[in-house]
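Here is the structure we will look at, set down as structure tokens.
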Amino acid sequence: MAEPATATQAAAPAVSLLKDELDIVIPTIRNLDFLEMWRPFFQPYHLIIVQDGDPSKTIKVPEGFDYELYNRNDINRILGPKASCISFKDSACRCFGYMVSKKKYIFTIDDDCFYLGFCYYGQKLNPLIVLMGDLDTLVQICVAKDPSGKAINALEQHIKNLLSPSTPFFFNTLYDPFREGADFVRGYPFSLREGVPTAASHGLWLNIPDYDAPTQLVKPLERNTRYVDAVLTIPKGTLFPMCGMNLAFNRELIGPAMYFGLMGDGQPIGRYDDMWAGWCTKVICDHLGLGVKTGLPYIFHSKASNPFVNLRKEYKGIYWQEEIIPFFQQAVLPKDCTTVQKCYIELAKQVKEKLSKVDPYFDKLADAMVTWIEAWDELNPTGPVPNGKAA
Ligand SMILES: O=c1ccn([C@@H]2O[C@H](COP(=O)(O)OP(=O)(O)O[C@H]3O[C@@H](CO)[C@H](O)[C@H]3O)[C@@H](O)[C@H]2O)c(=O)[nH]1
Ligand SMILES: [Mn+2]
């Protein structure tokens with residue numbers, strides 16, 4: 001077989017898992033040159049690009065990718081008045097991509113995230129190489145290799161996470177028991193070893209960590225260089241700060257809960273889109289007996305957004321969350337909430353009842369949560385379609 005021309009091509013996976021069952025959703029206000037670095041991994045998949053901001057701006061997508069692109073005009077045309085639930089000028093707009101997708105799985109990634117490799121594993125990557133090195137040099141240095149020498153593929157790791165069970169009811173101290181070379185440790189109840197279906201896989205980030213604005217302000221130069229080779233199930237009853245930068249989920253299991261809220265333009269808050277979705281998702285996963293994992297894969301997060309702008313977007317969320325988190329920790333869903341939609345509508349009801357006192361914003365958000373489910377069900381009819389034809 002001819003030698004691959006470049007290291008990037010050498011990284012190309014032999015098989016693209018779930019090629020026809022997974023969409024990659026990218027929110028963007030930038031150009032999409034970052035796709036060149038991901039080409040060996042993403043080219044076999046269908047992309048759903050959600051263009052935020054000015055719809056008259058043309059977003060250039062590199063040649064050779066199979067994609068659909070939606071801007072604000074498209075969202076308004078497709079959803080009509082229900083488009084009011086989709087944020088504008090915030091990465092929260094990405095959830096429109098989850099709604100229009102027809103696939104079982106979603107992987108969402110920001111346009112300033114790259115893949116990387118063992119170059120971090122126990123050694124510091126020289127930032128100069130990152131800045132000076134051309135794409136191939138960087139890939140040569142950073143393409144991860146597993147013990148067999150195969151390039152590690154972030155998307156593949158997410159798929160492995162989603163296709164193997166989670167263990168939310170009892171913590172396995174050797175981490176992911178379904179990973180090759182690991183298992184349940186002594187004392188782990190056999191009655192729980194089957195695990196539960198995995199709804200979401202939350203990946204992490206090297207270089208620029210997903211810090212909030214105050215932390216970013218006091219630690220402007222901090223870079224995350226610690227590559228922890230582990231995947232953990234987040235225990236039942238425990239919430240977590242879900243970051244939308246490097247996230248995959250089973251759309252059929254938990255899709256309707258992945259609403260990224262009302263953020264950005266015209267809203268009193270921003271950059272809490274993924275957090276809101278994560279809290280709702282975890283409460284519903286716990287109720288329905290589904291699992292959420294966090295850890296591998298890492299991506300290389302290259303751009304630090306402006307901490308002062310971020311502070312302006314986040315500051316209300318920083319003190320509201322001291323009331324929001326206890327709300328989610330105490331949220332109880334009735335037994336008859338047997339679907340994600342029913343759980344979500346019930347959560348919206350409780351948001352309206354219990355959080356509107358925090359700020360009238362939550363009254364609006366609760367209504368938007370209901371609109372989201374109505375729009376979701378309109379675009380994703382599951383029961384018999386009107387005039388009797390099966391869906
Ligand atoms: O108005 C906007 C701003 C950005 N985007 C797209 O969203 C992602 C993330 O944007 P960016 O990388 O600039 O911001 P970060 O601070 O690094 O993002 C983190 O905070 C979360 C914001 O909610 C986000 O999920 C985290 O990754 C990029 O693809 C931008 O192009 C947008 O669509 N609209
Ligand atoms: Mn970013």
Q: Quick one: closest heavy-atom pair of Leu206 and Asn224, and the distance?
A: CD2-O, 2.9 Å
Q.
Please verify the inter-ring angle class for Trp205 with His202; under 30° counts as parallel, over 60° as perpendicular, anything in between as tilted.
A. perpendicular
Q | Residues Arg179 and Asp229 bridged, charged N to O under 4.0 Å | A | yes
Q | For the student: nearest non-hydrogen atoms of Pro197 and Ser166, plus distance | A | O-OG, 4.5 Å
Q) Within the side chain of Lys354, is there an N or O that forms a donor-acceptor pair under 3.5 Å with the backbone of Ala331? A) no
Q. Where do Asp111 and Thr28 land on the side-chain hydrogen bond (donor to acceptor under 3.5 Å, both in side chains) test, with the steps shown first?
A. CA-CA 6 Å; Asp111 59 15; Thr28 192; 2.6 Å; yes
Q: Rounded to the nearest 0.5 Å, what's the gap from CZ on Arg251 to CH2 on Trp376? Could you check?
A: 4.0 Å
Q: State plainly whether the residues Lys104 and Glu21 are in salt-bridge range, i.e. N to O under 4.0 Å.
A: no
Q) Which of these, Phe327, Phe362, Tyr272, Tyr315, sits in a ring-ring contact (aromatic ring centres under 6.0 Å, His included) with Trp320? A) Phe362
**Q.** Test side-chain hydrogen bond (donor to acceptor under 3.5 Å, both in side chains) applied to Ser91 and Asp273, step by step
**A.** CA-CA 8 Å; Ser91 66; Asp273 49 327; 3.0 Å; yes
Q. Are the side chain of His287 and the backbone N or O of Gly289 linked by a donor-acceptor pair below 3.5 Å?
A. no
Q: Using atom types as modelled and distance alone, determine if a side-chain donor or acceptor of Glu346 lies under 3.5 Å from a backbone N or O of Asp336.
A: no
Q) Can you get from Leu247 to Ile234 by hopping between Ile, Leu, Val, Met, Phe, Trp and Tyr side chains that sit under 4.5 Å apart? A) yes
(Q) Is any side-chain heavy atom of Thr294 closer than 4.5 Å to one of Leu204? (A) yes
Q) Where do Ala257 and Cys280 come nearest, in terms of heavy atoms and distance? A) O-CB, 4.3 Å
Q: Fit a plane to each ring of Trp276 and Trp279, take the angle between them on a 0 to 90° scale, and name the class: parallel (under 30°), tilted (30 to 60°) or perpendicular (over 60°).
A: perpendicular
Q.
Using a strict threshold of under 4.0 Å (side-chain N to carboxylate O), is an ion pair present between Lys364 and Asp367?
A. no
Q: Check Phe260, Phe107, Tyr259, Tyr105 against Tyr98 for a ring-ring contact (aromatic ring centres under 6.0 Å, His included) and give me the one that passes.
A: Phe260
Q) Has the side chain of Asn207 got a donor or acceptor atom that lies under 3.5 Å from a matching backbone atom of Arg223? A) no
Q) Is there a donor-acceptor contact under 3.5 Å from the side chain of Arg94 to the main chain of Gly244? A) yes
**Q.** Glu68 side chain to His46 backbone, donor-acceptor under 3.5 Å
**A.** no
